[in-house]
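Structure first, commentary second.
Only a predicted model underlies this, so the values are computations on that prediction, with no experimental measurement involved. Computed from heavy atoms alone, side chains included, the values below leave out hydrogens, waters and symmetry copies.
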Amino acid sequence: MRIGKVAELSGLSSRTIDYYTQIGLLEVQRSSSNYRLYPEDVLETLKRIKILKQQRMSMEEIKEVLQSDVSGDIEPIICDVQDEINCLQKKLSLLEEKLKNVPPEEKLKVYKRIEPKMTAIMTLLALL
């Protein structure tokens, strides 16, 4: 599939697709007329890149995931973890809002109650 068709079907610009190719995220072959030809699965790869970008992964991290044999198995887990992180961030924001006018010693009691769980979550995130 030529780059123009990939751009049309993916909704990305040819320039973006070319960039992904240059940094090694996409494979390309050249035709005898020197056209860039992408494999049929390029649209799936572009969808995966989009999902991984939404998870705030760097291009280098995305490249590693795409090159990994188990990446297809872990992407749903990554999405679930990111959804859970987003949910926790919203809950923390709500908690902070409710504690805005609470005396410092009461805030400390609340934070001490959630500290072990927050530490466990942060440890888990560091492993990812």
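For the pair Ser10 and Leu46, the tightest heavy-atom approach, listed with the atom from each and the gap, is CB-CD1, 3.7 Å. Nearest approach of Ser14 to Ala7, heavy atoms of both residues: OG-CB, 3.8 Å.
Between the side chain of Glu61 and the backbone N or O of Ser58, at least one donor-acceptor pair lies under 3.5 Å. A donor-acceptor distance shorter than 3.5 angstrom exists from the side chain of Thr119 to the backbone of Glu115, with no hydrogens or angles considered. Proximity of a side-chain donor or acceptor of Ser33 to a complementary backbone N or O of Tyr35 within less than 3.5 Å is not detected.
Around the CZ atom of Arg30, the shell of radius 6.0 Å holds more than 12 heavy atoms that belong to other residues, nucleotides or ligands. In this structure, Gln29 places its CD atom where only 12 or fewer heavy-atom neighbours from other residues, nucleotides or ligands lie under 6.0 Å away.
Looking only at side-chain heavy atoms (C-beta outward), Val42 and Ile17 stay at 4.5 Å or farther from each other. Leu99 is listed as a side-chain neighbour of Val110, based on a closest heavy-atom distance under 4.5 Å. Gln89 has its side chain within reach of Asn86: a pair of non-hydrogen atoms, C-beta onward, lies under 4.5 Å apart. The shortest side-chain heavy-atom distance between Val6 and Arg36 does not fall under the 4.5 Å cut-off. Residues Val28 and Leu37 have side chains not in contact (no heavy-atom distance under 4.5 Å, counting atoms from C-beta outward).
A donor-acceptor pair shorter than 3.5 Å can be found between the side chains of Thr21 and Tyr38.
We find that Glu8 and Lys5 are joined by a salt bridge, their nearest charged nitrogen and carboxylate oxygen being less than 4.0 Å apart.
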